[in-house]
Amino acid sequence: MNVIRKIEHWGDVHHAKWLDYLRMILGLIIIGKGVSFISDTSVLQNMITENNVFGFSGMMISVAIHLVAFAHLVGGILITLGLVTRFAVVIQIPILFFAVFFVNLTPGFSAPNSELWLSVMVLFLLVMFWVLGSGPLSVDESLKNKTGKRYA
């Protein structure tokens with residue numbers, strides 16, 4: 001646990017303000033994906049069914065899509081605001097890991113497969129903000145300054 005605290009402290013000390021704008025954009029991208037999952041579940045369901053590595057049934061896939069959409073909407077809002085950012089990022093990392101290695105990787109590394117590139121970039125940014133935290137332009141920081149307690 002001491003190593004995690006050291007990494008969090010290093011991330012809090014070495015966080016530039018421009019990274020906060022990048023965190024906000026990342027949160028908005030994740031919200032956008034959540035909205036697209038909700039608006040057209042059939043496309044995502046077909047994509048997962050085609051690459052069905054684990055043998056999920058149709059009902060399990062439907063439930064998973066709705067859970068992922070909910071996690072993206074709530075997590076994206078939390079990341080955009082900078083509220084419990086590390087927790088929100090940790091919830092998103094397994095979803096993006098699954099998207100990169102089990103859903104988007106099978107079509108290959110080609111220019112038409114832009115979903116893979118977006119997923120890889122978002123996964124990288126999520127890991128980066130897991131280390132760096134929310135930053136100075138966040139709800140976490142304003143709560144920390146107001147109360148003197150640490151929330152992220």
Side-chain angles (χ1 to χ4, degrees), residues 1-45 47-48 51-54 56 59-106 113-152:
M1 199 59 152
N2 193 20
V3 173
I4 293 174
R5 292 276 182 215
K6 286 181 182 179
I7 291 172
E8 287 178 354
H9 176 70
W10 183 89
D12 291 339
V13 171
H14 295 90
H15 196 99
K17 282 189 179 181
W18 66 270
L19 288 172
D20 284 352
Y21 298 111
L22 184 62
R23 174 188 45 81
M24 292 174 201
I25 292 170
L26 173 66
L28 292 174
I29 289 171
I30 292 172
I31 292 170
K33 288 304 283 183
V35 168
S36 73
F37 289 166
I38 288 173
S39 64
D40 194 9
T41 59
S42 62
V43 171
L44 185 62
Q45 192 166 6
M47 190 185 324
I48 292 175
N51 303 313
N52 198 351
V53 187
F54 301 112
F56 289 150
M59 180 66 171
M60 291 172 70
I61 290 173
S62 178
V63 169
I65 289 171
H66 287 89
L67 286 174
V68 167
F70 178 75
H72 275 349
L73 290 174
V74 173
I77 290 168
L78 293 175
I79 292 169
T80 302
L81 294 175
L83 180 61
V84 290
T85 304
R86 285 189 173 111
F87 172 75
V89 163
V90 165
I91 298 300
Q92 299 297 315
I93 287 175
I95 296 169
L96 266 294
F97 183 83
F98 185 82
V100 168
F101 291 105
F102 295 108
V103 177
N104 295 328
L105 192 60
T106 53
N113 190 11
S114 61
E115 283 293 315
L116 175 64
W117 295 109
L118 178 66
S119 297
V120 168
M121 187 171 52
V122 169
L123 180 61
F124 171 77
L125 289 173
L126 287 171
V127 171
M128 185 179 80
F129 285 111
W130 181 41
V131 172
L132 293 176
S134 53
L137 299 176
S138 66
V139 174
D140 285 338
E141 188 68 23
S142 65
L143 289 174
K144 185 173 101 176
N145 290 340
K146 192 177 286 186
T147 64
K149 294 181 182 176
R150 188 161 181 246
Y151 291 97

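Hydrogens, waters and symmetry mates play no part in the numbers below; they use all other heavy atoms, side chains included.
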Atom pair [atom1] ([X]) and [atom2] ([Y]), whose distance is rounded to the nearest 0.5 Å:
{"X": "Ile95", "Y": "Ile30", "atom1": "CD1", "atom2": "CD1", "answer": "9.0 Å"}
{"X": "Ile91", "Y": "Leu96", "atom1": "CD1", "atom2": "CG", "answer": "12.5 Å"}
{"X": "Leu118", "Y": "Leu123", "atom1": "CG", "atom2": "CG", "answer": "11.0 Å"}
{"X": "Leu28", "Y": "Thr80", "atom1": "CG", "atom2": "OG1", "answer": "4.5 Å"}
{"X": "Asp140", "Y": "Thr85", "atom1": "CG", "atom2": "OG1", "answer": "5.0 Å"}

Could I get the full list of side chain to side chain contact (heavy atoms under 4.5 Å, CB included) partners for [X], not counting sequence neighbours?
{"X": "Ile77", "answer": "Ile31, Leu81"}
{"X": "Ile25", "answer": "Ile29"}
{"X": "Leu78", "answer": "Val74, Leu83, Val84, Ala88"}

Side-chain heavy atoms of [X] within contact of [Y], under 4.5 Å:
{"X": "Met24", "Y": "Ile79", "answer": "no"}
{"X": "Phe129", "Y": "Leu26", "answer": "yes"}
{"X": "His72", "Y": "Leu67", "answer": "no"}
{"X": "Leu125", "Y": "Val89", "answer": "no"}

Minimum heavy-atom separation for [X] to [Y], with atom names?
{"X": "Ile38", "Y": "Ala69", "result": "CG1-CB, 3.6 Å"}
{"X": "Ser138", "Y": "Gly82", "result": "CB-O, 3.5 Å"}
{"X": "Arg86", "Y": "Val131", "result": "NH2-O, 2.9 Å"}

Practice item. Could you list all the salt bridge (Lys or Arg N to Asp or Glu O under 4.0 Å) pairs where at least one residue sits in residues 61-83, not counting sequence neighbours? Key: none
Check your understanding: Who are the ring-ring contact (aromatic ring centres under 6.0 Å, His included) partners of Phe97, not counting sequence neighbours?
Key -> Phe101
Check your understanding: Is a donor on one side and an acceptor on the other found under 3.5 Å between the side chain of Gln92 and the backbone of Ala71?
Key -> yes
Point to revise | With Ser119 via side chain to side chain donor-acceptor pair (under 3.5 Å) - residues at least two apart | key: Asn104
Exercise for review: Scan for side chain to side chain donor-acceptor pair (under 3.5 Å) pairs involving residues 19-33, sequence neighbours excluded, and state none if there are none.
Suggested key: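 Every side chain to side chain donor-acceptor pair (under 3.5 Å) pair that includes a residue of residues 19-33, provided the two are not neighbours, is His15-Asp20, Lys33-Glu115.
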